[in-house]
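Read the numbers this way: they start at 1 and go in the same order the structure lists the ligands and their atoms. Quick note: numbers below take in every heavy atom, side chains included, and nothing from hydrogens, waters or symmetry partners.
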Amino acid sequence: MNTVHKLNAIKDYIYTVFNDDATGHDFFHMKRVAFMAKHLAVMEQADHFICEAAGWVHDIGDRKLFSNRAHALKELDNFLQSIDCTADEISTIRKTVEDISFSKGKTPANIEGKIVQDADRLDAIGAVGIARTFAFGAAKGQLLWHDHADKRDETSVQHFYAKLLHLNDSMNTAAAKQIANQRHQFMETYLQQFFREWQ
Ligand code: ADP
Ligand code: NI
């Protein structure tokens, strides 16, 4: 298979795995991360096949979503073999996925990992990031916010202060940093408006 066919096969595989997720980790999250990773790879002159492929599969084996991590990763290996990915491709994709999901908060060693981590973080901020936060909060049964809430209570708005407003400072690549700044600004504006309307 050539790389176009491989990426198509990966897309179909990811559809079957994440199709019915309602926690913000649906097929379209994987698609946005894959496309953003490819874009960042072009900007940063990294391997765009590996970045796009790893973007598609980056949440496979995530402990929040899979009860048996080793099994999910083994299935991924088998699948990649079945579409003729080389041993090198499989090990780099696998390393990227493990680096991102084992080391939440840490920086992956290789450029592909850095890029996919940036793409995943970019999807948590901006307009789509806001939507995912409230979707995730609803799935957890969490309030949007409440009258006497402070920024430490477990509400969806609290998550902006706990995590999302810090992500633009944690981008690995210059290309991602630029996109993050614009999305960050949008979230600040959104929160100002949110609190104006809440009063
Ligand atoms: P990923 O696994 O894709 O790296 P996370 O699992 O950390 O990302 O988060 C998935 C989505 O859910 C993100 O958009 C994130 O902001 C949101 N999220 C995570 N924790 C919370 C929370 N406590 N309240 C609201 N949203 C959350
Ligand atoms: Ni993700």
Minimum-distance pair of heavy atoms, taken over all atoms of [X] and [Y]:
X	Y	result
Asn168	Ala180	CB-CB, 3.8 Å
Ile100	Pro108	CG1-CG, 4.4 Å
His166	Tyr161	NE2-O, 2.9 Å
Ile60	Tyr13	CD1-CE2, 3.9 Å

**OP:** Measure the CD1-CD distance between Ile115 and Glu52 for me, rounded to the nearest 0.5 Å.
**Re:** 12.5 Å
Subject >> NZ-CD1 distance between Lys95 and Ile50, expressed to the nearest 0.5 angstrom >> reply: 13.0 Å
Original post:
Can a salt bridge be assigned to the pair Lys114 and Glu44 using a cut-off of 4.0 Å between side-chain N and carboxylate O?
Top reply: no
Subject >> Atoms of protein origin (N, O or S) under 2.8 Å from the Ni ion (ligand 2) >> reply: His29 NE2, His58 NE2, Asp59 OD2, Asp120 OD1
Subject >> Residue Gln45 excluded, over 12 heavy atoms near CD under 6.0 Å >> reply: no
Verify whether one side chain among [X] and [Y] offers a donor that lies under 3.5 Å from an acceptor in the other.
X	Y	value
His29	Asp26	no
His25	Asp62	no
Gln192	Glu188	no

If we only count N/O pairs under 3.5 Å, is [X] in contact with ligand 1?
X	answer
His58	no
His159	yes
Ser156	no

Heavy-atom contacts under 4.0 Å between [X] and ligand 1: side chain, backbone, both, or neither?
X	value
His25	side chain
Asp123	neither
Asp120	side chain
Gln158	neither

Go through ligand 1 atom by atom and flag the ones less than 4.0 Å from a non-hydrogen atom of [X].
X	value
His29	3 (O)
Leu164	16 (O)
Asp59	2 (O), 3 (O)
Asp62	2 (O)
Lys140	23 (N)
Lys163	7 (O)

Original post:
If you measure from each heavy atom of Arg121 to ligand 1, is any distance below 4.0 Å?
Top reply: no
Subject >> Counterpart residues, salt bridge (Lys or Arg N to Asp or Glu O under 4.0 Å), relative to Asp169 (two or more places apart) >> reply: Lys177
Original post:
With Trp56, which of Phe27, Tyr15, Phe28 fulfils ring pair (Phe, Tyr, Trp, His ring centres under 6.0 Å)?
Top reply: Phe27
